[in-house]
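All residue numbers in this chain count up from 1 along the given sequence.
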Amino acid sequence: MVKYGLDYTRCRWILPLLLGIGVIFGIIALAGRGWLESQTLPYVQRASLWESCQRPNADGEWICESLMNYAWGRAAAATYLVGFILLVICFALAIIAFAIDTLRFNFIRGIGGLLFVAAVFSVMGLVIYPVKFSTEIKMTGINMFSWAYGFGWTTAIMEICLGFFFCCLPNYEDQVLGNVKPTYFYSSP
């Protein structure tokens, strides 16, 4: 942010804003029914993090089974949910940290570490789900992991990237707080 001349006061809310977008993506992943869908006709299979639905033919009613009846379903949901809760906590802490005029940079580094922990939990849930789903649930036709599952991976990737940003930001404390005289490459005659 500092190297290219962006003013800190204008950019201080970029990281909490990105965390907020990650929270929104996490909500979409948790609530979405598109973790797995039939790819080709007839569309007879769909699943979310919470349930798997099938129908006997293209015009039939959906018959849904809870994935919470399986130990792996509970494990996948729990680990992803723990990662999401940690992300929400990081979002709240980032709002508090950036609202204070004198930033506590060690506090910001702690948020970065907590984001890495959240990413580990999220990735565990995102790996458990497809591995166990594809081996233990009878699937019909060609299926694909779909949009809500993609939002889950986007959230996990954002947690990892924002963790790096939050951990590296204290290295530029003087530049961010304006304690270093700016260097100008253009001098007027």
Side-chain angles (χ1 to χ4, degrees), residues 14-55 62-95 97 107-169:
I14 289 176
L15 292 177
L17 175 70
L18 289 173
L19 277 175
I21 292 169
V23 168
I24 291 169
F25 286 174
I27 291 170
I28 292 170
L30 285 169
R33 292 188 172 266
W35 278 57
L36 180 124
E37 294 178 338
S38 294
Q39 186 174 358
T40 58
L41 287 174
Y43 298 110
V44 294
Q45 179 107 23
R46 73 175 182 202
S48 69
L49 181 60
W50 312 104
E51 66 183 3
S52 173
C53 299
Q54 295 180 351
R55 58 183 172 183
W62 289 101
I63 301 167
C64 295
E65 173 189 18
S66 175
L67 294 179
M68 299 302 110
N69 297 334
Y70 299 95
W72 62 265
R74 290 189 301 271
T79 54
Y80 190 79
L81 197 58
V82 166
F84 176 74
I85 289 169
L86 289 174
L87 177 65
V88 171
I89 290 170
C90 288
F91 176 64
L93 291 175
I95 294 291
F107 184 58
I108 291 174
R109 190 168 276 152
I111 294 171
L114 196 57
L115 279 169
F116 285 124
V117 174
V120 167
F121 278 104
S122 297
V123 169
M124 282 191 325
L126 290 166
V127 169
I128 291 170
Y129 183 84
V131 169
K132 297 306 280 183
F133 192 98
S134 60
T135 58
E136 296 200 16
I137 303 289
K138 182 181 177 243
M139 294 192 285
T140 307
I142 299 172
N143 298 290
M144 65 177 175
F145 290 97
S146 191
W147 59 271
Y149 185 68
F151 273 107
W153 274 109
T154 304
T155 302
I157 291 168
M158 286 182 77
E159 289 168 346
I160 293 168
C161 294
L162 288 170
F164 279 114
F165 278 121
F166 274 95
C167 285
C168 293
L169 189 61

> Distance from Leu87 atom CG to Ser122 atom OG, nearest 0.5 Å?
Replying inline: 7.0 Å
Could you go through residues 77-84 and list every donor-acceptor pair under 3.5 Å that involves a side-chain atom there, pairing it with any protein atom two or more places apart or in another chain?
unit_1, atom_1, unit_2, atom_2, d
Thr79, OG1, Ala75, O, 2.9
Thr79, OG1, Ala76, O, 3.2
Thr79, OG1, Gly125, N, 3.2

>> So which atom in Ala156 and which in Ala119 form the shortest heavy-atom distance, rounded to 0.1 Å?
In response: O-CB, 4.2 Å
>> If I compare all heavy atoms of Ile111 with all of Ala97, which pair ends up nearest, and what's the gap?
In response: CD1-CB, 4.3 Å
> Do you know the tightest heavy-atom contact between Glu159 and Leu115?
Replying inline: O-CB, 3.7 Å
>> Any side-chain to backbone donor/acceptor pair from Trp50 onto Leu30? Under 3.5 Å, distance only.
In response: yes
> Quick one: side chain to side chain contact (heavy atoms under 4.5 Å, CB included) partners of Phe145, sequence neighbours excluded?
Replying inline: Leu36, Tyr129, Pro130, Tyr149
>> Give me the atom names and distance for the closest heavy-atom approach of Gln45 to Ser52.
In response: NE2-OG, 3.6 Å
> Would you say Ser48's side chain and Trp35's backbone share a donor-acceptor pair under 3.5 angstrom?
Replying inline: no
> What pair of heavy atoms forms the shortest contact from Met68 to Arg74, and how long is it?
Replying inline: O-NH1, 2.7 Å
> Got a second to check how far Ile28's CD1 is from Trp147's CH2, nearest 0.5 Å?
Replying inline: 7.5 Å
> Given Arg33 and Glu51, is the side-chain contact (heavy atoms from CB on, under 4.5 Å) satisfied, shown in steps?
Replying inline: CA-CA 8 Å; Arg33 292 188 172 266; Glu51 66 183 3; 2.3 Å; yes
>> Looking at Phe121, I want to see if its CZ is surrounded by more than 12 non-hydrogen atoms of other residues, nucleotides or ligands under 6.0 Å.
In response: no
>> If you compare all heavy atoms of Leu162 against all heavy atoms of Leu15, which two are closest, and at what distance to 0.1 Å?
In response: CD2-CD2, 3.8 Å
> Mind checking what makes ring-ring contact (aromatic ring centres under 6.0 Å, His included) contact with Trp72, not counting sequence neighbours?
Replying inline: Tyr70
> When you measure from the side chain of Ser38 to the backbone N and O of Val44, does any donor-acceptor pair fall under 3.5 Å?
Replying inline: yes
> Roughly how far apart are Ile108 CD1 and Phe165 CZ, rounded to 0.5 Å?
Replying inline: 14.0 Å
> What do the steps show when you test Leu67 against Ile137 for side-chain contact (heavy atoms from CB on, under 4.5 Å), and what is the final call?
Replying inline: CA-CA 10 Å; Leu67 294 179; Ile137 303 289; 4.1 Å; yes
> Is there a side-chain contact (heavy atoms from CB on, under 4.5 Å) between Gln39 and Ser146 once you walk through the steps?
Replying inline: CA-CA 9 Å; Gln39 186 174 358; Ser146 191; over 6 Å; no
> For Trp153 and Val123, what are the C-alpha separation, side-chain angles and deciding distance, and is it a side-chain contact (heavy atoms from CB on, under 4.5 Å)?
Replying inline: CA-CA 8 Å; Trp153 274 109; Val123 169; 4.0 Å; yes
>> Under the rule for side chain to side chain contact (heavy atoms under 4.5 Å, CB included), what residues qualify as partners of Ile95, not counting sequence neighbours?
In response: Trp13, Pro16, Phe91
> Which residue pairs pass the disulfide (SG to SG under 2.5 Å) test when at least one of the two sits in residues 62-94, sequence neighbours left out?
Replying inline: Cys53-Cys64
> Can you list the residues that meet the side chain to side chain contact (heavy atoms under 4.5 Å, CB included) rule with Phe116, with sequence neighbours excluded?
Replying inline: Ile160, Phe164, Cys167
> Taking atom CH2 of Trp62 and atom CD of Gln54, what is their separation to the nearest 0.5 Å?
Replying inline: 8.5 Å
